[in-house]
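The structure presented is a predicted model; accordingly, all values stated were derived computationally and were not measured.
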Amino acid sequence: MNAFDRLAPFIQDFIYQNKWEELRAIQVAACEVIFDSDDNLLLSSGTASGKTEAAFLPVLTELYNKPSRSVGVMYISPLKALINDQFKRLDQLLIESNIPVCKWHGDASISKKNELVKNPKGIIQITPESLESLLTNKRGACLSMFCDLRFIIIDEVHYFMRDVRGIQLLCLLERLQRLTGVIPRRIGLSATLGDLSLAQAWLSTGTGRACTAPVTDEGKRRIRLHIERFVNLHDKRDLQNSDSSDSTISGGDTGNREHFEYLFKMTLDKKTIIFTNSREETEYVIANLKEIAKKNKAPDVYRVHHGNVSGLIREATEDEMKSSDEKIVTGATVTLELGIDIGSLDQVIQVGAPLSVSSFAQRLGRCGRRGQIPQVLFTFVEDIRINSEDALGPINWDFIRTISIIELYTREHWIEPLYPLNHAYNLLYHQTMSHLKSNGELSPARLAQDILSLGCFKHISQEDYRVLLRYLLEIEQLQQTENDGLIIGREGEKIVNNHHFLTVFIAPEYLLVKEENRTIGTVDKVYPVGVRIALAGLTWETVDVNVKSKVIFVKRVPGISLVDWDVDFEVDLHTVLVRKIRSVLKSDIFYPYLSERCQERLIEIQYIARNSGILDNLVTPLSEKKYAIFPWVGTRQLRTLHYALLHRKIKSRHPWPSCLYLEVIFNGSTGELEDIIRDILRSDLDLYELPLPDKIQIKGKYNEFIPPVLLRKQFIEDYLDFEGLKNDIMI
């Protein structure tokens, strides 16, 4: 019997009604795994390849043929917007099935949730934070709601794997298994996974099941790529021509103006997402496009979509992109990387370099749906300083990284592997407090057994946990009872009883921005009355500030303005990507997607790199006492070398966060510095003896409750890599 014939009748009818010609290969493969095995299932294939249907069609068939005594399927998503999007799709599929579906997140209907608690069945769509709330605050309800849970579908697996929310999610699923006594099968969905075995192991954590990841031949896809470049020139000249105290006189923002005119022309009558790597850049790009459209009497089709724009405005943009007759152009950050259905796009534009190969793959996957050829345009605006004193300054590393990312993905089909964080002590704290809130008093031995047996904490020792518990008692996060049991302490109550406790990611304290009663979005600074800011693609002026209520009231004003947020996106570079950058600089390969201006720029950068010596020498002198160390390794390995040099009393620095070399001030010769590095590599370096800062800079919510000795250990174990440095360094 073929896969189609095994599907439930209502699904077969749905397929006929929607005029599907056949099931895709990944959907057939998923049916075989679900129907013929007891394995977990990992579905990894390109965006719009039918993964969601591949998961739901056989799962819903199983639920239809053998109804569950409780909620039968749990769909977990990192975003409420994805849940809302999937709800619409499922609702249509399930019309004739008698299988209900319920959204369960902060904005969902309370009456629908109460109805599900009273009569648990069908499908629940939920975020990790809402599941945390259920397990912590409604333990009894969870018993009846999930006593016969059959399947857990985890969307955007790669997103969870690279984030602390992934650790939280795996802990919650194991805790749910222990509470209910059932181990549902897990199905993971992702478009961008570099190492399937790592993802299979992650997905199966705590289940005792094997995980099957069917590989299907999606065939070769054609991709249209183009990279264009624009230049702002700056020159050191006579300061008498300038009123500025700055030592540079701008040749104007000619490059910026050309860039925006080019974007306007390239997006005319084309449904487009313009991706940038910061929220302020997204706002600035869209504001300029709006102004150009206004001057040209063109329609205002420009929208903004990022995490600080209000949910209602983002949803309206998504609906417009999917349904509007106009060709909407939306500026976005990572918020539109994930698989929200916005219909078919004509193209994607990336301003600047993608953050990673994975990010490029996600963004590429947003276009080329429904038989179209994916079309991606990259644009760069460079600020060139004539007569720069820095020998390596003229090298545009982002430009070279972009070429390297394109080559790795399109020709070598490589994506960064996502390694788990094995010593996330802040999550250990969080799950300890959550477990105590849910269960009440527990003995230290029982608490340690419950928490350390969770799969995510298998690398954490009993001794480390004792150190944490003692520290939590000292700072009154925990309290010891007369029976020597542990309960939440006076200070801990303040944390666990705050609704922010459900989240394990850092969220800045935002202020609401409102136009009268309409919420526009959020900002992380107080902008005084009269100050203009950009938000949601429009310019606003502050008319009132209520600091106590954390609300800024604004009015619409014309023109272009800026707004800045304290944190945007950083990424570690993988050794494979860094090596590819070196390869691009060394080779004479012709890249057909480069414009003529970009071809010329590449040749210029290659000339500078080759003549500087950085491609063939470990150490390159930059000035009398300044050297550049180019080991051509990833960020973690380079970070390890930085501290190893500091251990030898040699100070180095990363010129910028994602830099792939170290700058060193050294009084000796090039050869002496190279000898020191080689000696480090031959040594039995004990990472625990490195001169790390007293306060290790690990970003993480709840780190203030972790003893410094454990934060130091986490940094050494999860953020340094001496073996990788020794194995990968090019000397």
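No side-chain donor-acceptor contact under 3.5 Å links T333 and H306. Defined by atom type and a distance below 3.5 Å, a donor-acceptor pair is missing between the side-chain atoms of T127 and H105. Defined by atom type and a distance below 3.5 Å, a donor-acceptor pair is present between the side-chain atoms of S109 and S111. Side-chain N/O atoms of Q362 and T192 include a donor and acceptor closer than 3.5 Å. For the residue pair S453 / R178, a side-chain donor-acceptor distance below 3.5 Å is found, with atom types taken as modelled. Between N497 and E493, the side chains place a donor N or O and an acceptor N or O closer than 3.5 Å (distance only, hydrogens not considered). With no hydrogens or angles considered, a side-chain donor-acceptor pair links S359 and E337 at under 3.5 Å.
Between C456 and L170 the shortest heavy-atom distance is SG-CB, 3.4 Å. Of all non-hydrogen atoms in D464 and K713, the two that sit nearest each other are OD2-NZ, 2.8 Å.
Ion pairing between E115 and K118 fails under the 4.0 Å rule for side-chain N and carboxylate O. A salt bridge is defined here as a Lys NZ or Arg NE, NH1 or NH2 lying under 4.0 Å from an Asp or Glu carboxylate O, and R175 with E132 meets this definition. The pair E62-R150 fails the salt-bridge criterion, with no side-chain N (NZ, NE, NH1 or NH2) lying under 4.0 Å from an Asp/Glu carboxylate O.
For the pair M433/F705, no side-chain contact is recorded, criterion being any heavy-atom separation below 4.5 Å from C-beta on. Between L436 and I487 there is no side-chain heavy-atom pair separated by less than 4.5 Å. In this structure the side chain of I415 never reaches within 4.5 angstrom of the side chain of S356, judged on heavy atoms.
Taking the six-membered ring where the residue is Trp, F14 and W20 present perpendicular rings, their angle passing 60° and hence far from 30°.
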Show your working on ring-ring contact (aromatic ring centres under 6.0 Å, His included) between Y16 and F4 and close with a plain yes or no. CA-CA 11 Å; Y16 280 128; F4 175 81; 5.5 Å; yes
